[in-house]
Asker: 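Sharing a structure here in structure tokens format.
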There are 2 protein chains.
Amino acid sequence: MVKYSSNQLDGIFAALSDPTRRAIIRRLASEGATVTELAEPFAMSMPAISKHLRVLQDAGLVSRTKDGRIHRLQLEADALKEAIGWLEQYRQFWEIKLAALEQFVTKPKKQ
Amino acid sequence: MVKYSSNQLDGIFAALSDPTRRAIIRRLASEGATVTELAEPFAMSMPAISKHLRVLQDAGLVSRTKDGRIHRLQLEADALKEAIGWLEQYRQFWEIKLAALEQFVTKPKKQ
DNA sequence: TTTATATTTAACCATATGGTTAAGTATTCA
DNA sequence: TGAATACTTAACCATATGGTTAAATATAAA
């Protein structure tokens, strides 16, 4: 039985698969924000946002600091690096693909 | 109501969030393979693999060519580029973070 | 000390996901 | 033509996901 011990990547990519969460990440890239601030652009209840933030936090994509009753969220670089790191493995693949295509366009296959 | 018209990225990241599918991608990076070949390393039924391949295909991460009864899958560079493209947006973010950390280590905050 | 604010937790619901087994569909081989 | 091979589809199941409303918690303000 081949076991792929549940990777951190599972959570990171799952977290990234939701458009609300990607928008939250985009928002946090410029600066940290409170839950209320993050919720503002969305036609969604606070608990829904709260859940999205929990998913992002569990994935390690954001961290949270509590200042009184206010929770301030910030983006965490490491998890993003993890994701891009996995994808970078395949950079070679698509560069080869692209090169092959170019070759094909430039000169026909046989000779 | 802020509408994030369901992006291709939803499907791509969702597809990448499963370890079996990531393993399939890794396998396909070296060369195309049949369904049976792809199924071989996994302790999982054929229909399960078939579903995973469907998810990957729907996300645009793999394409399929039928040669008789044999289906040959191949990795598609474009969808991978899409994913890495989204993440690249934040490269600046983590580089700044890293630079700031370095700065902090080098000299104390005030002065 | 009451009230308002910021946020989470609980309970619920509908749909999606990841697996199963059984059956169906093409295609090839004998 | 009949049997084997390479798959997919169908039906089902348990759990996860993304949303809701209502209630709880913690802190701040009056």
Side-chain angles (χ1 to χ4, degrees), chain A residues 1-25 27-28 32-74, chain B residues 1-25 27-28 32-74:
Chain A
M1 175 162 54
V2 180
K3 181 67 168 63
Y4 293 86
S5 61
S6 186
N7 204 299
Q8 193 189 167
L9 286 169
D10 293 16
I12 295 172
F13 283 129
L16 294 177
S17 75
D18 182 275
T20 301
R21 289 193 294 259
R22 287 198 305 275
I24 289 172
I25 286 173
R27 170 73 158 78
L28 288 175
T34 68
V35 177
T36 306
E37 285 165 3
L38 289 172
E40 192 270 325
F42 302 101
M44 203 178 288
S45 67
M46 282 291 284
I49 296 295
S50 188
K51 278 190 182 184
H52 281 304
L53 294 175
R54 151 76 50 167
V55 171
L56 287 167
Q57 193 177 350
D58 287 352
L61 283 159
V62 312
S63 62
R64 183 187 302 245
T65 55
K66 277 177 73 173
D67 180 16
R69 61 187 162 178
I70 291 168
H71 298 210
R72 179 156 290 266
L73 286 300
Q74 47 246 334
Chain B
M1 176 163 51
V2 181
K3 182 67 168 62
Y4 294 85
S5 60
S6 185
N7 203 299
Q8 195 190 165
L9 286 169
D10 294 16
I12 294 172
F13 283 129
L16 294 178
S17 74
D18 182 275
T20 301
R21 289 193 293 260
R22 286 199 307 277
I24 289 172
I25 286 173
R27 170 72 157 76
L28 287 175
T34 68
V35 177
T36 305
E37 285 164 2
L38 290 172
E40 192 271 326
F42 301 101
M44 204 178 288
S45 67
M46 282 290 284
I49 296 296
S50 187
K51 278 189 182 184
H52 281 304
L53 294 175
R54 152 76 50 168
V55 171
L56 287 167
Q57 192 177 349
D58 287 351
L61 283 160
V62 312
S63 63
R64 182 187 303 245
T65 54
K66 277 177 72 174
D67 180 14
R69 62 187 163 177
I70 291 169
H71 298 213
R72 179 157 289 266
L73 287 300
Q74 48 246 332

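Note on naming: letters A, B, ... go to the chains in the order of the sequence lines (proteins, then strands), and numbering restarts at 1 for each one.
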Asker: More 5' along DNA chain D: A:Met44 or A:Ile70, using each one's nearest nucleotide?
Answerer: A:Met44
Asker: Walk me through whether B:Leu38 and B:His52 qualify under side chain to side chain contact (heavy atoms under 4.5 Å, CB included).
Answerer: CA-CA 11 Å; B:Leu38 290 172; B:His52 281 304; over 6 Å; no
Asker: To the nearest Å, how far apart are B:Phe13 CZ and D:dT17 P?
Answerer: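 About 17 Å, once rounded to whole Å.
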Asker: Is the phosphate of D:dC7, meaning OP1 or OP2, less than 4.0 Å from a side-chain N or O of B:Thr34?
Answerer: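 Yes, within the criterion.
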Asker: What contact category does B:Ser45 fall into here, base, sugar-phosphate, or nothing, at under 4.0 angstrom with non-hydrogen atoms?
Answerer: base
Asker: Any side-chain heavy-atom pair from B:Leu61 and B:Arg21 closer than 4.5 angstrom?
Answerer: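 Heavy-atom side-chain distance check fails, nothing below 4.5 Å.
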Asker: For the atom pair CD1 (A:Ile12) and CG (A:Asn7), what is the distance rounded to the nearest 0.5 Å?
Answerer: 8.0 Å
Asker: Is B:Thr36 close enough to D:dC7 that one of its side-chain N or O atoms is under 4.0 Å from OP1 or OP2 there?
Answerer: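 For D:dC7, OP1 or OP2 has a side-chain N or O of B:Thr36 closer than 4.0 Å.
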Asker: Quick one: A:Asp10 CG to C:dG18 P, roughly how many Å, whole number?
Answerer: 10 Å
Asker: Is the distance from OP1 or OP2 of C:dT8 to the nearest side-chain N or O of A:His71 less than 4.0 Å?
Answerer: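 Looking at the OP1 and OP2 atoms of C:dT8, one of them is under 4.0 Å from a side-chain N or O of A:His71.
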Asker: Classify B:Arg21 by what it touches in the nucleic acid, base, sugar-phosphate, or nothing, heavy-atom distance under 4.0 Å.
Answerer: sugar-phosphate
Asker: Do A:Arg72 and A:Asp67 come within less than 4.5 Å of each other through their side chains, counting heavy atoms only?
Answerer: no
Asker: Go nucleotide by nucleotide along DNA chain C from the 5' end; which of A:Ser50 and B:Arg69 gets its closest nucleotide reached first?
Answerer: A:Ser50
